[in-house]
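What you see is a predicted model, and the numbers here were worked out from it, not measured in a lab.
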Amino acid sequence: MRIRNALAVTAAAAGTLAAIATAPAQATEYSSSLKIKGVQYDAPGRDSNSCSSGNTRDEYLTIKNYSSGTTVNLKGYVVKDAVGHKFTFSANHYLQPGDYIKLRGGHGTDSDTNNVVYRQNCNFIWNNDKDSIYLYKPSGARADVHSYTKSANDRDGNGYISYHG
């Protein structure tokens, strides 16, 4: 009788693994403390990537450390969009458990105290209609991924989408 139960459990586990393997990318949970908390993909106002008067600073990605006890250094983490525009965290930025950082467009001074890192680039990275956001660990392993469309994911039309709460 135990052998049958073991076989049934094995078959059920295999079915679960098959279901996970076929799940869409945004439904996959990666083994990472860092996750994408949300994205302001459409900066308020008319888009302007002028470094002096544009609004690329108002486009940002929030990354949060969801660990309950591990501090994570962002150095070496990579953020990419669907077509390969990317940003690599080249300096040490330590996120305590429960802490977050906003990766903003435009130029500015990075500040762990103010939870902000600037891409030092005045071009927008996220598309206003649809895009995919990838977060990679320094090892190259995927930490998190989300795809969005304005019509399906931004119901209130404010240009912000929240993930992972």
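For the pair R119 and F87, the cation-pi test (distance below 6.0 Å, angle within 45°) is failed. Stacking of K80 on the aromatic ring of Y134 is not recorded, the 6.0 Å distance cut-off and the 45° axial limit not both being met.
Electrostatic pairing of E59 and K102 does not count as a salt bridge here, judged by no charged N lying under 4.0 Å from a carboxylate O. Under the 4.0 Å criterion applied to side-chain N and carboxylate O atoms, K64 and D99 are not assigned as salt-bridge partners.
Evaluated for a side-chain contact (heavy atoms from CB on, under 4.5 Å) with V79, the options L135, I36, D144 yield exactly one hit, L135. Checked against L74 for a side-chain contact (heavy atoms from CB on, under 4.5 Å), the options I101, L103, D112 give a single hit: I101.
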Applying side chain to side chain contact (heavy atoms under 4.5 Å, CB included), run through Y148 and I133 and close with a yes or a no. CA-CA 8 Å; Y148 66 85; I133 306 164; 4.1 Å; yes
Between Q120 and H107, does a side chain to side chain contact (heavy atoms under 4.5 Å, CB included) hold up when you go through it step by step? CA-CA 4 Å; Q120 305 304 335; H107 294 281; 3.1 Å; yes
Working for side chain to side chain contact (heavy atoms under 4.5 Å, CB included), residues V39 and W126: CA-CA 9 Å; V39 61; W126 312 117; 3.8 Å; yes
Determine, step by step, whether D156 and D154 satisfy the side chain to side chain contact (heavy atoms under 4.5 Å, CB included) criterion, reporting the C-alpha distance in whole Å, the side-chain angles of both residues, the deciding distance to 0.1 Å, and the verdict. CA-CA 6 Å; D156 61 5; D154 187 8; 2.9 Å; yes
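Side chain of Y66 to backbone of H164: a donor-acceptor contact under 3.5 angstrom is found. At distances below 3.5 Å, not a single donor-acceptor pair connects side-chain atoms of N73 with backbone N or O atoms of N92. A donor-acceptor pair is defined here as one N or O able to donate and one able to accept, closer than 3.5 Å; no such pair exists between the side chain of N49 and the backbone of F124. Here the side chain of N55 pairs a donor or acceptor atom with the backbone of P44 at under 3.5 angstrom. R104 contributes a side-chain N or O that, together with a main-chain N or O of R57, makes up a donor-acceptor pair within less than 3.5 Å. Formation of a donor-acceptor pair under 3.5 Å by the S67 side chain with backbone atoms of G69 is found in this model. No donor-acceptor pair under 3.5 Å is formed between the side chain of N127 and the backbone N or O of D129. Checking side-chain atoms of N121 against main-chain N and O of N123 turns up a donor-acceptor pair under 3.5 Å.
In summary, the aromatic rings of Y163 and H146 are positioned with their centroids under 6.0 Å apart. Here Y136 and Y77 keep their ring centres 6.0 angstrom or further from each other.
Side chains of T70 and P97 form no contact here, defined as non-hydrogen atoms less than 4.5 Å apart. The side-chain heavy atoms of V117 and F89, taken from C-beta on, include a pair separated by under 4.5 Å.
N128 and D47 are linked by a side-chain donor-acceptor pair at a separation below 3.5 angstrom, with hydrogens and angles left out of the test.
The shortest non-hydrogen separation linking K137 to S32 is CE-CB, 3.7 Å.
Taking CZ of R155 as the start and CD1 of I161 as the end, the distance is 10.0 Å to the nearest 0.5 Å. In this structure, CD in Q40 is found 11.0 Å from CG in L61, a value given to the nearest 0.5 Å. If you take CD1 on I125 and OH on Y60, they are separated by 15.5 Å, rounding to the nearest 0.5 Å.
Residues Y118 and I63 fall into different hydrophobic clusters, defined by Ile, Leu, Val, Met, Phe, Trp and Tyr side chains chained together at heavy-atom separations under 4.5 Å.
Counting heavy atoms of neighbouring residues, nucleotides and ligands inside a 6.0 Å radius, atom NZ of K130 does not exceed 12 of them.
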